[in-house]
Amino acid sequence: MVITRFAPSPTGYLHIGGLRTALYSYLWAKKNDGKFLLRIEDTDLKRNSKEAADAIEEAFKWVGLKQDGDIYYQSDRMDIYKSYIQKLLDEDKAYYCYMSKDELDELRATQMKNKQRPRYDRRYRNFTGSVPDVKPVVRIKTPVNEIIKFDDGIKGMISVNTDEVMDDFIIARSDGSPTYNFVVAIDDHEMGVTEVIRGDDHLSNTPKQIIVYRALGFDLPKFYHVPMILNPNGKKLSKRDGAMDVMEYKKEGYLPEALLNFLVRLGWSHKDQEIFSFKEMLELFNPKDINKSASAYNAEKLLWLNSNFIKNSSYERLIKELKFFDLNLENIEKKEILIDALRERAKTLKEFAEKSRLILNEPQDYDQKAVKKFLKAEAIEIAKEFLNYLTVYKEDLNNSNDYEVCISKFLEEKNLKLKNIAQIIRISIVGSAVSPSIYDIMAIVGQNELIKRIKKLIKFMEV
RNA sequence: GGCCCCUUCGUCUAGUGGUUAGGACACUGGCCUCUCACGCCGGUAACACGAGUUCGAAUCUCGUAGGGGUCACCA
């Protein structure tokens, strides 16, 4: 069985890079009828791990991801780590090191001064006694001058020499708490993780973890190190680059499926396909198709994807999502016309809501440029004539087509062209020269409201 | 600095020895048109560089350059 995991450290929110690796892990597990686990890595900064977990769960819920089983907290698992540390100690695969932090710093400083790579000199590796009044750390005995090789599912064969990349690294601090590279290996094994999909910033940690696996006789999982996401300038993504928190995308009016589609395609592809439903991702995703190189975040493409998903969303879905933006369309009589008109025009739900309000609410003022350009001297007469025409109009005025008929009859009677009146009507309804089709917006506001707004515009023009 | 990784249009990518190097976003010309969008048709634009191997290289090898990651009693 394929078991994957997402193992964030508790930072308070789920960022988009994390969501991408979580998504990859989730897809791969689910595609193989396996399990996707969630583990909070709080061995050291245990302070707000609960909050962080809540934030992750909230984001997961929004995008439709869910871990199998309970969330694991490393802070709850200290006994497990301690027993393994003891085991290594008993088997002479690890040892107590009494070197103090100060001594270590000093050693490092002189090594750096001599242009040497800073590393622990293994002075306690074979020491069997004890030093009074010193709380020792526990270090693992890493093999001397050995090549560690592993086949990364994305990067290919990686091999490093133990002497060049590590020393006898610390697996337990002087207060007894275990360190990251140790617990990761223990947890992944204990949790039965078979495929580790994570950011490639962990690539250089992998040999250390392999040392732990080997010392304990564990089987190695398959590793996939996915390249990171860069900002639009090709630099490391940072808070300054805008939305990092997944939930910000909700606030900005993105549909979760658009975000997921965007993220899954960042570094991964399936031929020329751009749009993926969740089901298709599940069918087509394979971590072996992930690119080796980092990819830059492209906000325009996300927007394009979002508008695409909005365009293809049902009335019900849109009505539901729009409530988050304080727009309740449920009792709007012509909501279908409104949605159809705006679906193709709004790139985000936020924009959708704003544009809706522009139509639904009577304009408080009129766009100056539009007024200057389209409301010429004769506009007031045309508006008045149309107002009269509308007031005594006998036919039904229900849908967009009815208004189109009405307008064309009016134009014919007065010997006018559409462009003579279109912008006047538009400005009267939304207050600017930009909106969906006038027939649609007339139908949406309805005859009475239309009359009211035209009157208001006439009044405005008269002063 | 040591070690490791990476390099196809501006961006996301397809491509696995023989292609006019394909698609998408963005940009742009046009059509549609009551404005703005949508949509449709078209255009600009890339194999980092240099050596090899080969009849033939974006694809294989080696260098160079550039970018990134990592070197903690952080994760």
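The sequence lines fix the lettering, A, B, ..., with proteins before strands; numbering per chain opens at 1.
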What one-letter contact string describes nucleotides 25-38 of chain B from 5' to 3', where B marks a base within less than 4.0 Å of any protein heavy atom, S marks contact via sugar-phosphate atoms alone, and - marks no contact? SS-------BBBBS
Less than 4.0 angstrom between a side-chain N/O of [X] and OP1 or OP2 of [N], yes or no?
X	N	answer
A:T43	B:rA75	yes
A:S293	B:rC5	no
A:K292	B:rC5	no

Which word best sums up how the rings of A:Y98 and A:Y96 line up, parallel for under 30°, tilted for 30 to 60°, or perpendicular for over 60°? tilted
Using atom [atom1] in both nucleotides, what's the gap between [N] and [M] to the nearest angstrom?
N	M	atom1	value
B:rG23	B:rA14	P	15 Å
B:rG10	B:rA48	C1'	16 Å
B:rC73	B:rC62	C1'	43 Å

Does the structure show a Watson-Crick or G-U wobble partner for [N], both distances under 3.5 Å? Name it, or say none.
N	result
B:rG2	B:rU70
B:rC31	B:rG39
B:rA24	B:rU11

What's A:G267 touching, base or sugar-phosphate or nothing? Going by heavy atoms closer than 4.0 Å.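 Here A:G267 touches the backbone only, sparing every base.
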Over all strands shown, is A:V160 touching base, sugar-phosphate only, or nothing at heavy-atom distances under 4.0 angstrom?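 If one applies the 4.0 Å heavy-atom cut-off, A:V160 turns out to touch the sugar-phosphate alone, with no base involved.
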Contacts under 3.5 Å, N or O only, protein and nucleotides 69-71 of chain B:
from: B:rU70; atom 1: O4'; to: A:S204; atom 2: OG; distance (Å): 3.1
from: B:rU70; atom 1: O2'; to: A:S204; atom 2: OG; distance (Å): 3.3

Could you pick out which residue, A:W268 or A:I154, lies toward the 5' side of RNA chain B when each is mapped onto its nearest nucleotide?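 Residue closer to the 5' terminus by nearest nucleotide: A:I154.
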